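Shown next, in structure tokens, is the structure this report addresses.
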Amino acid sequence: MDTALFTANNVWMMICTALVFFMHMGFSLLEAGLTRQKNTVNILFKNFFVITAGLLLYALAGFNLMYPGFEEGATGFFKFAGWGIAPPEGGMTAAYASGGYTWWTDFLFQGMFAATAATIISGAVAERIKLEAFFVIAILYVGIVYPIVGSWQWGGGFLYNWGFYDFAGSTLVHSVGGWAALITIYFLGARIGKYSADGTSNPIFGHNMPLAAGGVLILWLGWFGFNGGSVLSADPATTSLVLVTTSLAASAGGIVASIFSHILYKNYDLTMFMNGVLGGLVAITAGADQMSTGEAMIIGAIGGIIVVLAIALLEKLKLDDPVGAIAVHLFAGMWGTLAVGIFGNMASTKQFMLQLAGVGIVGAFCVLSALLLVLVVNATIGLRVTKEQEIGGLDDAEHGMSAYADFSVSKK
Amino acid sequence: MDTALFTANNVWMMICTALVFFMHMGFSLLEAGLTRQKNTVNILFKNFFVITAGLLLYALAGFNLMYPGFEEGATGFFKFAGWGIAPPEGGMTAAYASGGYTWWTDFLFQGMFAATAATIISGAVAERIKLEAFFVIAILYVGIVYPIVGSWQWGGGFLYNWGFYDFAGSTLVHSVGGWAALITIYFLGARIGKYSADGTSNPIFGHNMPLAAGGVLILWLGWFGFNGGSVLSADPATTSLVLVTTSLAASAGGIVASIFSHILYKNYDLTMFMNGVLGGLVAITAGADQMSTGEAMIIGAIGGIIVVLAIALLEKLKLDDPVGAIAVHLFAGMWGTLAVGIFGNMASTKQFMLQLAGVGIVGAFCVLSALLLVLVVNATIGLRVTKEQEIGGLDDAEHGMSAYADFSVSKK
Amino acid sequence: MDTALFTANNVWMMICTALVFFMHMGFSLLEAGLTRQKNTVNILFKNFFVITAGLLLYALAGFNLMYPGFEEGATGFFKFAGWGIAPPEGGMTAAYASGGYTWWTDFLFQGMFAATAATIISGAVAERIKLEAFFVIAILYVGIVYPIVGSWQWGGGFLYNWGFYDFAGSTLVHSVGGWAALITIYFLGARIGKYSADGTSNPIFGHNMPLAAGGVLILWLGWFGFNGGSVLSADPATTSLVLVTTSLAASAGGIVASIFSHILYKNYDLTMFMNGVLGGLVAITAGADQMSTGEAMIIGAIGGIIVVLAIALLEKLKLDDPVGAIAVHLFAGMWGTLAVGIFGNMASTKQFMLQLAGVGIVGAFCVLSALLLVLVVNATIGLRVTKEQEIGGLDDAEHGMSAYADFSVSKK
Amino acid sequence: MKKIEALIRKTQFEDVKNRLHEAGVTFFSYWDVTGLGNENKGRVYRGVSYSTSAIERRMLSIVVNDDFVEPAVQAIIEAGGTGNIGDGKIFVLPVEEAYRIRTGEKGGDTLN
Amino acid sequence: MKKIEALIRKTQFEDVKNRLHEAGVTFFSYWDVTGLGNENKGRVYRGVSYSTSAIERRMLSIVVNDDFVEPAVQAIIEAGGTGNIGDGKIFVLPVEEAYRIRTGEKGGDTLN
Amino acid sequence: MKKIEALIRKTQFEDVKNRLHEAGVTFFSYWDVTGLGNENKGRVYRGVSYSTSAIERRMLSIVVNDDFVEPAVQAIIEAGGTGNIGDGKIFVLPVEEAYRIRTGEKGGDTLN
Ligand SMILES: Nc1ncnc2c1ncn2[C@@H]1O[C@H](COP(=O)(O)OP(=O)(O)O)[C@@H](O)[C@H]1O
Ligand SMILES: Nc1ncnc2c1ncn2[C@@H]1O[C@H](COP(=O)(O)OP(=O)(O)O)[C@@H](O)[C@H]1O
Ligand SMILES: Nc1ncnc2c1ncn2[C@@H]1O[C@H](COP(=O)(O)OP(=O)(O)O)[C@@H](O)[C@H]1O
């Protein structure tokens with residue numbers, strides 16, 4: 001391959017890497033905006049931790065756990081290529097990845113992905129988890145569970161060999177994060193005041209909608225890199241198709257979720273619009289390169305509806321997810337993965353069963369791992385802050401800071 | 001053309017598409033920041049609607065209305081290539097657009113542009129328009145009026161054949177949005193409290209300057225894609241020139257507007273600085289590829305002055321535009337279009353007359369369309385919320401939400 | 001060189017330019033977030049001034065002062081290629097810069113860098129400098145001092161000829177800004193209330209942590225362009241390595257600073273985490289293309305520690321830097337420059353001495369220039385606002401505005 | 001001297017302020033508070049329906065000489081009322097002394 | 001009629017509100033204030049250690065008829081106390097008159 | 001017992017607080033309010049000139065035993081005055097009872 005094409009491909013992949021990095025800002029703002037002011041510093045701190053520790057861990061072990069290079073047709077569940085990272089022979093040449101990118105780009109792109117899974121947990125457990133408990137869960141989950149699951153498909157493992165398809169990670173990234181979030185909040189319990197003694201739900205309002213809305217728009221932008229980079233080259237036809245399906249699914253998800261929630265609840269709820277956009281994005285992620293525009297819109301639209309319903313379902317089950325992370329990443333993620341068997345170029349009953357199997361196996365593994373992790377943390381460090389700390393706010397309890405210490409509002 | 005160049009071009013165009021998408025975040029923050037807190041959710045909701053519905057509409061009909069492919073020398077005002085979108089034969093090859101981009105990229109880049117026109121309206125009508133009325137106006141204007149006007153020039157229609165020049169849309173995007181904004185606020189009337197019974201103007205303060213400032217910086221960034229992508233390839237000489245003229249015009253517009261408004265009003269008004277930057281950007285948009293650096297600075301500087309004066313003029317005429325959208329997009333847009341006949345490579349009396357004709361014809365068509373649209377909406381749904389809703393705020397009235405529900409400010 | 005490679009290179013460089021531009025948003029948000037609400041408009045205004053005036057000045061004279069083209073082996077300290085900018089013969093062809101970029105891209109990339117130096121000053125002097133005094137200092141420093149220093153290395157001057165190495169500007173950009181910041185705050189004095197009569201330090205809280213945190217994440221994103229673009233082409237191996245070392249240094253800097261400050265002060269201080277990330281970024285900047293991943297992490301980690309210690313040191317010396325700009329840009333910048341002689345491909349005693357010499361010479365020149373500038377400004381316009389203006393806030397005193405004029409917080 | 005504490009709808013503030021000015025009361029302080037009263041709104045947030053009796057109100061604190069009490073109260077009632085539940089309350093409290101910080105003088109004369 | 005001014009911990013607000021409701025006091029206004037008192041916290045910010053006696057509190061303003069004073073005060077003491085320094089204070093002030101803005105009526109009947 | 005309500009410039013707050021401390025008054029609550037008074041500033045916003053009499057102020061609420069009234073008022077007048085129009089006001093109101101929430105005790109002893 002000629003240097004020019006290799007360079008153009010690598011430029012695209014580096015930009016996509018930057019965009020996926022930027023998603024961490026999107027997550028930070030979204031989570032901070034949808035939660036209460038007294039926990040804002042805590043949420044930002046967790047997000048800074050996730051991206052920095054996530055990258056370091058991925059350099060230390062994650063990458064070599066995820067891309068260990070299973071042999072052709074290998075059946076193992078686990079392989080480790082060694083600590084640390086060092087480029088292989090020829091890793092900087094067009095020979096490395098059919099000219100799509102260099103080995104360094106590969107590492108960094110994948111490293112930015114890894115941290116995402118932890119961020120999903122961060123949103124769901126917000127406002128009551130102990131900081132140290134979160135550190136441990138995030139480190140082990142991102143450092144071990146995520147790469148192992150990833151290796152089964154993207155590392156050329158057994159899921160890949162079976163023919164499971166997950167383009168950019170509806171299951172491998174979003175559901176993986178979503179399952180851990182679900183398990184953790186089950187053991188963590190709801191925030192004080194979320195459910196009254198008589199069983200009724202109470203709303204707990206986010207403190208800053210412009211932050212949250214900005215976060216969603218940044219996430220959409222970041223998805224250009226998340227899905228666009230998953231083409232693993234700058235191939236004009238595929239990358240541009242992927243951006244189109246991604247954007248149309250996001251649009252359909254948002255519009256449909258807002259209409260659907262308006263029908264159900266008779267108000268134009270901005271947070272449902274935002275969650276719908278994210279639901280559409282997560283849903284299209286598994287098959288972004290396989291769909292026509294019409295199919296992308298349908299998948300996104302159903303993603304939007306699923307998010308609205310899942311939020312209601314979790315509410316009924318008294319599973320308290322302050323930012324809707326589980327509805328968006330787990331439910332829409334599963335839907336998107338299955339949709340690859342229903343719509344698009346790969347649609348077939350066989351493919352659907354494969355997708356179902358993939359969703360099931362990954363789900364089972366994640367649930368078990370998360371269970372183990374959460375129970376151990378709960379038994380040792382403890383998962384949850386004290387009642388006093390929670391009511392007083394984590395910013396005060398864990399950081400001795402206030403997010404808006406100098407803010408005042410008397411007029412003019 | 002070789003694949004590598006095609007790929008590099010398409011990468012650039014996809015990035016520009018992403019940047020134009022990002023402008024919607026810029027608009028959202030700018031509009032939210034410059035208006036009152038009680039209408040924040042409403043403004044964000046409208047912006048989410050504009051970008052999502054805009055893209056879906058553009059897929060449904062807009063693109064085929066705008067790029068219908070007029071025959072060589074055709075004189076029609078209107079042509080429609082059919083519902084939905086499906087790539088033409090060879091749309092993904094270098095043959096499609098001289099290797100500049102694929103057909104999918106083309107669609108998405110143009111689709112991101114389309115939504116912009118509606119956002120311009122959104123800012124001007126903020127704080128008192130009925131949500132449903134805005135939906136209808138935005139849908140019809142973006143779905144029909146914008147693409148028809150666009151087809152006259154960028155679709156190879158009669159303006160193009162005459163020799164009218166509008167590089168990236170000072171007229172075709174910004175003025176088109178600006179005219180509709182002007183007509184709509186004329187019928188909508190000023191916000192309660194903006195003008196006293198005795199005819200004096202009162203200031204109505206925006207609620208969040210960092211949001212607004214961040215919005216402007218994001219818009220500037222987005223303009224790299226707006227103008228840079230309008231080259232329709234990554235041609236090094238032209239794209240890099242365009243980024244330089246764009247940035248210098250923005251700088252000159254901002255500096256000059258802030259100095260000029262300091263001379264007039266004796267204070268360093270940040271909002272004037274911000275509007276000046278935007279005025280410079282809008283002004284250079286029509287001729288960004290035709291100007292020297294000196295000319296770009298002059299065009300931007302005059303754009304900045306025009307914005308300051310136009311804001312004062314509209315204030316005098318009691319046309320209440322909360323964010324200065326009309327001053328920026330309509331006035332600076334007209335100036336920029338005319339400037340192509342005065343400065344740069346194309347300057348000539350003939351060109352000036354052509355530019356004038358284009359501005360006039362587009363203006364007339366937009367005014368008439370907007371008039372029709374607004375009058376029909378006014379007579380049916382009604383344009384404006386009730387006095388009570390307006391005073392209580394649209395967030396409460398239309399969304400039952402508050403943008404900062406959990407915010408509090410007691411110290412430490 | 002073939003057009004395709006030239007185009008791909010130039011695309012990368014334009015994107016990097018856009019990212020460096022975006023850093024100005026990062027700086028704006030960071031500085032605004034870490035200072036008090038009553039000075040928010042003022043800080044945003046200064047940042048708008050810096051980027052707009054900075055670009056115009058760079059077009060007027062800076063570029064030609066920085067890249068005057070010293071003759072092979074020339075020993076001059078100063079050369080000027082003339083007012084204004086106009087592309088040289090062949091400036092738009094692959095011949096100009098070995099196909100890395102066009103002359104226009106060159107100008108704009110460098111222009112975005114130039115404004116950075118002034119922004120560093122802006123943060124340190126926040127909350128008490130006179131607006132006009134800042135204008136003058138920023139204009140002369142960015143228009144003259146920064147380009148002259150730059151010419152010694154990047155313009156092919158004597159430092160370059162000696163073999164001094166500063167990949168992307170730990171010294172040439174960050175320390176240059178940092179020295180001026182240091183000198184200015186020395187003469188400016190601390191903010192009222194920062195130090196009590198009995199010599200104790202008092203904390204002055206920032207007013208908006210989400211803004212500050214968002215600013216840091218944007219800066220990290222921007223650094224992809226700052227360091228990535230300093231490769232001066234899209235060479236896959238080097239650019240991707242640079243992004244990896246940059247990100248790992250940022251991660252290590254953040255994590256280590258937060259742990260270190262937790263050890264010292266027993267709290268998880270978000271602002272230390274953020275400053276640590278920035279310290280890591282500044283530190284790796286001088287040798288981002290010369291380090292292995294392990295070395296990058298070490299350099300970043302030490303950068304994080306240095307930032308925490310430098311903040312404490314300045315506090316002891318009663319040098320009041322509201323945002324930690326000097327700790328980050330000057331101290332971590334010097335460390336990063338020296339680290340090129342200690343770690344990585346170039347490490348050697350000789351190189352270390354060269355690095356030391358470079359740091360020293362640049363430091364001496366910057367200190368002297370800043371001294372001259374600050375003393376003249378102090379003697380003429382005066383550096384500092386009145387006590388009344390400072391207590392009442394610069395927004396009111398200099399702009400007659402409030403950043404959150406319409407904000408209110410009663411519930412629901 | 002009396003202190004008038006009026007809890008009004010934020011939306012009526014401009015009208016009340018103007019009517020007070022007409023009644024000769026141009027000096028007072030105000031801030032925003034949350035009120036629990038008879039007014040009640042049904043709402044839905046993210047699918048959770050709830051009803052809130054917590055409403056945003058503006059508190060006016062006006063210290064006046066005795067002969068201004070009646071006109072001030074009337075002004076507030078006239079301009080502050082919409083006829084709907086939740087219009088708010090006015091309370092009158094005794095004040096024993098008033099001082100003007102600028103001059104240090106005290107008594108009823110300081111109230112303007 | 002009396003005005004009860006209670007300065008409580010924000011964290012006790014929900015409990016106090018509920019206990020007041022049980023005591024028949026459902027109408028009042030509140031806002032957030034900063035309190036200087038006995039409570040004191042040691043803190044570090046960017047390496048600077050400091051101690052603050054400025055604590056965030058919620059101020060409740062409750063105007064009641066005389067027979068409600070005792071139950072309301074007891075309710076607040078019971079629900080607002082944690083036993084730690086900094087629980088806050090309750091003050092009782094005389095009120096001379098009360099008006100309902102909606103109807104213009106005055107007297108103790110307006111207080112509900 | 002008396003309640004002192006002082007409306008001061010926010011910029012004088014630190015001085016007032018310190019002077020009150022010297023006068024032995026270390027417990028009080030404060031919040032920010034908007035004041036309409038004699039002070040008036042001319043302003044321009046986006047080219048619209050306007051004048052505002054609405055100024056940001058800080059409200060101090062201090063309940064003290066009778067013998068502390070005089071020193072407290074003097075402290076505020078001394079530290080709160082700049083000599084310019086708009087320095088603010090101090091009002092003294094009667095207080096009938098005070099309780100300490102933590103202990104439930106009442107009377108003047110609770111005021112410190
Ligand atoms: N007893 C009270 N003490 C303090 N504030 C009160 C009291 N009663 C009412 N308020 C305030 O007045 C507001 C309006 O009262 P509400 O009872 O809702 O309306 P209405 O007076 O029209 O019946 C409440 O939201 C609250 O802020
Ligand atoms: N004399 C006072 N006047 C006004 N507010 C007071 C007074 N004394 C205490 N407060 C308020 O009560 C709060 C709690 O008082 P504090 O003395 O800290 O606790 P405790 O009552 O448990 O000894 C203070 O933060 C302050 O807001
Ligand atoms: N009668 C009043 N009732 C309540 N607050 C008042 C009253 N008079 C003045 N104030 C408050 O005091 C502040 C300063 O008063 P002002 O009349 O401007 O200054 P000065 O006392 O120096 O003449 C006002 O902004 C307002 O907050």
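Every value quoted in this text rests on a predicted model; they were computed, and no experiment measured them.
Between C:Phe45 and B:Ser258 there is a side-chain heavy-atom pair separated by less than 4.5 Å. Residues C:Asn10 and B:Trp12 fail the side-chain proximity criterion, which asks for heavy atoms closer than 4.5 Å. Side-chain contact check for C:Ser28 versus B:Leu217: some heavy-atom pair is nearer than 4.5 Å. Counting heavy atoms from C-beta outward, C:Met14 and B:Ser240 have side chains that approach closer than 4.5 Å.
In terms of heavy-atom pairs under 4.5 Å with chain C, the best-connected choice from B:Gly33, B:Ser233, B:Gly294, B:Ala252 is B:Ala252. Ranked by non-hydrogen atom pairs under 4.5 Å with chain C, the options B:Ile218, B:Ile204, B:Val11 are led by B:Ile218. Ranked by heavy-atom pairs under 4.5 Å with chain C, the first of B:Gly400, B:Gly254, B:Ser247 is B:Ser247. Among B:Ala8, B:Ala250, B:Ala234, B:Pro210, the residue with the largest count of heavy-atom pairs under 4.5 Å with chain C is B:Pro210. Contact count versus chain C (heavy atoms, under 4.5 Å) is highest, among B:Asn208, B:Val277, B:Thr35, for B:Asn208. Annotation: maximal heavy-atom pairing with chain C below 4.5 Å, among B:Ala4, B:Pro236, B:Ala237, occurs at B:Pro236.
In this structure, C:Leu44 CG and B:Leu270 CG are separated by 5.5 Å, a value rounded to the nearest 0.5 Å. Atom OG1 of C:Thr40 and atom CE of B:Met209 lie 11.0 Å apart (nearest 0.5 Å). In this structure, the separation between CE on C:Met401 and CZ on B:Phe205 is 8.5 Å, given to the nearest 0.5 Å. If you take CG on B:Leu5 and OG1 on C:Thr3, they are separated by 6.5 Å, rounding to the nearest 0.5 Å.
Near-neighbour residues of residues 125-133 of chain C relative to chain B, defined by a heavy atom under 4.5 Å from a heavy atom of that chain, comprise C:Leu131, C:Glu132. Within residues 97-112 of chain C, the residues approaching chain B closer than 4.5 Å by heavy atoms are, in numerical order, C:Thr102, C:Trp104, C:Thr105, C:Phe107, C:Leu108, C:Met112.
For B:Ile15, the part lying under 4.5 angstrom from a heavy atom of chain C is the side chain only. Residue B:Leu211 does not touch chain C at all, counting heavy-atom pairs closer than 4.5 Å.
Judged purely by atom type and a 3.5 angstrom limit, C:Asp406 uses its side chain to pair as donor or acceptor with the backbone of B:Gln37. Side-chain N or O atoms of C:His399 include one that pairs as donor or acceptor with a backbone N or O of B:Tyr268 at under 3.5 Å.
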Legend entry - side chain to side chain contact (heavy atoms under 4.5 Å, CB included) assessment of C:Phe48 paired with B:Met274: CA-CA 8 Å; C:Phe48 267 77; B:Met274 300 188 316; 3.9 Å; yes

Inset, instruction - Could you please spell out the steps behind the ring-ring contact (aromatic ring centres under 6.0 Å, His included) verdict for C:Phe407 and B:Tyr404? - result: CA-CA 9 Å; C:Phe407 218 93; B:Tyr404 303 91; 4.6 Å; yes

Inset, instruction - Output, in order, the C-alpha distance, side-chain angles, deciding distance and verdict of side chain to side chain contact (heavy atoms under 4.5 Å, CB included) for B:Phe22 and C:Phe22. - result: CA-CA 12 Å; B:Phe22 203 39; C:Phe22 203 38; 3.8 Å; yes

Inset, instruction - Check step by step if side chain to side chain contact (heavy atoms under 4.5 Å, CB included) holds for C:Thr7 and B:Asn9. - result: CA-CA 8 Å; C:Thr7 304; B:Asn9 281 336; 3.9 Å; yes

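Heavy atoms only, all atoms of each residue included: C:Ala59 and B:Met297 are closest at CB-CE, 3.9 Å.
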